[in-house]
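The figures here come from the full heavy-atom set of this structure, side chains too, leaving out hydrogens, waters and symmetry mates.
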Amino acid sequence: MTTTSHAINKGSYYSGQILNSVESYHPTLDKWTSVPEMCLSRCDLGVGVLNGVLYAVGGHDGLQVLRSVEAYQPNTGVWSTIPDMHLCRQYPGVAVLDGLLYAVGGDDGTSTLDSVEFYNPNNNTWTMVTAPMNVARTCLGVVSIDRPLHFKT
């Protein structure tokens with residue numbers, strides 16, 4: 001199987017309209033191409049890739065903050081819904097660690113969140129992380145790294 005790297009531009013807000021469109025950037029061609037539309041229009045969402053599947057996590061549909069999540073399978077070109085997160089989240093940080101997709105912080109439309117939950121594709125479930133973050137955060141960037149031995153936590 002041949003793989004190529006692409007940048008993805010997903011749903012957002014344009015001239016008062018919430019979008020469900022998705023575009024893929026092909027750096028070798030210096031070209032953007034359309035990808036099938038998401039099931040829902042959403043902005044302020046988080047995105048992550050786990051096992052070659054693109055996930056659109058939470059966001060806002062113009063009326064309410066979402067807890068819904070969609071998964072895009074590039075090999076079939078199809079978006080599908082997966083189980084909802086436990087909490088509504090817009091502006092969540094999303095990262096992958098040890099085969100799990102994490103949704104971190106964000107806000108629920110009323111409060112900034114200090115909670116974290118993860119999706120396990122093997123059993124198709126979301127689980128809340130017991131320990132909250134020390135500080136509630138929204139519009140955050142999240143990444144997983146290999147922790148060097150000298151890195152203190």
Side-chain angles (χ1 to χ4, degrees), residues 1-27 31-133 136-145:
M1 178 172 139
T2 303
T3 60
T4 57
S5 297
H6 303 283
I8 299 290
N9 180 18
K10 72 321 181 215
S12 78
Y13 186 81
Y14 176 74
S15 293
Q17 179 182 1
I18 307 245
L19 304 175
N20 65 343
S21 60
V22 180
E23 296 180 50
S24 174
Y25 177 69
H26 304 265
K31 179 180 176 184
W32 287 91
T33 58
S34 294
V35 171
E37 294 180 342
M38 293 183 291
C39 302
L40 292 177
S41 295
R42 55 178 83 215
C43 63
D44 309 330
L45 63 150
V47 294
V49 176
L50 174 60
N51 299 329
V53 177
L54 174 66
Y55 292 89
V57 179
H60 197 283
D61 68 1
L63 299 173
Q64 62 187 352
V65 179
L66 303 171
R67 58 187 203 125
S68 64
V69 181
E70 300 180 43
Y72 177 70
Q73 300 275 354
N75 57 339
T76 63
V78 175
W79 284 94
S80 59
T81 57
I82 65 168
D84 289 348
M85 294 181 289
H86 292 278
L87 301 177
C88 297
R89 295 178 189 272
Q90 63 183 351
Y91 308 111
V94 176
V96 171
L97 179 64
D98 297 331
L100 304 171
L101 182 79
Y102 283 80
V104 180
D107 75 67
D108 62 10
T110 304
S111 307
T112 299
L113 302 173
D114 63 0
S115 61
V116 178
E117 54 189 299
F118 63 83
Y119 174 70
N120 184 335
N122 295 325
N123 60 18
N124 201 31
T125 59
W126 285 93
T127 302
M128 294 298 298
V129 171
T130 309
M133 293 186 291
R137 300 170 191 273
T138 189
C139 302
L140 64 156
V142 182
V143 65
S144 63
I145 61 170

Engineer: For the pair R137 (side chain) and G93 (backbone), establish whether a donor and an acceptor sit closer than 3.5 Å, ignoring hydrogens and angles.
Structural biologist: no
Engineer: Please, which pairs that meet salt bridge (charged side-chain N to carboxylate O under 4.0 Å, His left out) have at least one residue in residues 77-102, sequence neighbours excluded?
Structural biologist: R67-D84, R89-E117
Engineer: Between CG of L19 and CE of M38, what distance do you get to the nearest 0.5 Å?
Structural biologist: 8.0 Å
Engineer: Decide yes or no for N124 and P83: does some side-chain heavy atom of the first lie under 4.5 Å from some side-chain heavy atom of the second?
Structural biologist: yes
Engineer: Taking atom OH of Y119 and atom CH2 of W126, what is their separation to the nearest 0.5 Å?
Structural biologist: 8.0 Å
Engineer: List the atom of H26, the atom of T33, and the distance in Å for their closest heavy-atom pair.
Structural biologist: NE2-OG1, 2.9 Å
Engineer: Which atom pair, heavy atoms only, marks the closest approach of V142 to A95?
Structural biologist: CG1-CB, 3.5 Å
Engineer: If I compare all heavy atoms of I18 with all of C43, which pair ends up nearest, and what's the gap?
Structural biologist: CD1-SG, 3.3 Å
Engineer: Of all heavy-atom pairs between A103 and M85, which one has the smallest distance, and what is that distance?
Structural biologist: CB-SD, 3.8 Å
Engineer: Check Y72 against P36 and note the closest heavy-atom contact, atom names and distance.
Structural biologist: OH-CD, 3.5 Å
Engineer: Would you give the length of the straight line joining atom NE2 of H86 to atom OG of S115, rounded to the nearest 0.5 angstrom?
Structural biologist: 10.5 Å
Engineer: Check whether any side-chain heavy atom of T112 sits under 4.5 Å from a side-chain heavy atom of Y91, and report yes or no.
Structural biologist: no
Engineer: Distance-only criterion, 3.5 Å: show the donor-acceptor pairs between side-chain atoms of residues 45-66 and protein atoms not counting sequence neighbours.
Structural biologist:
from	atom 1	to	atom 2	distance (Å)
H60	ND1	G62	N	2.8
D61	OD1	L63	N	2.8
D61	OD1	Q64	N	2.8

Engineer: Which pair of heavy atoms, one from L40 and one from E70, lies closest together, and at what distance?
Structural biologist: N-OE2, 3.0 Å
Engineer: State the CG-CG distance between L113 and D108, to the nearest 0.5 angstrom.
Structural biologist: 5.0 Å
Engineer: Can you name the residues that form a ring pair (Phe, Tyr, Trp, His ring centres under 6.0 Å) with Y102, not counting sequence neighbours?
Structural biologist: F118
Engineer: Does any part of the side chain of L87, heavy atoms only, come nearer than 4.5 Å to the side chain of M128, both counted from C-beta?
Structural biologist: yes
Engineer: Any side-chain heavy atom of V22 within less than 4.5 Å of one from W79?
Structural biologist: yes
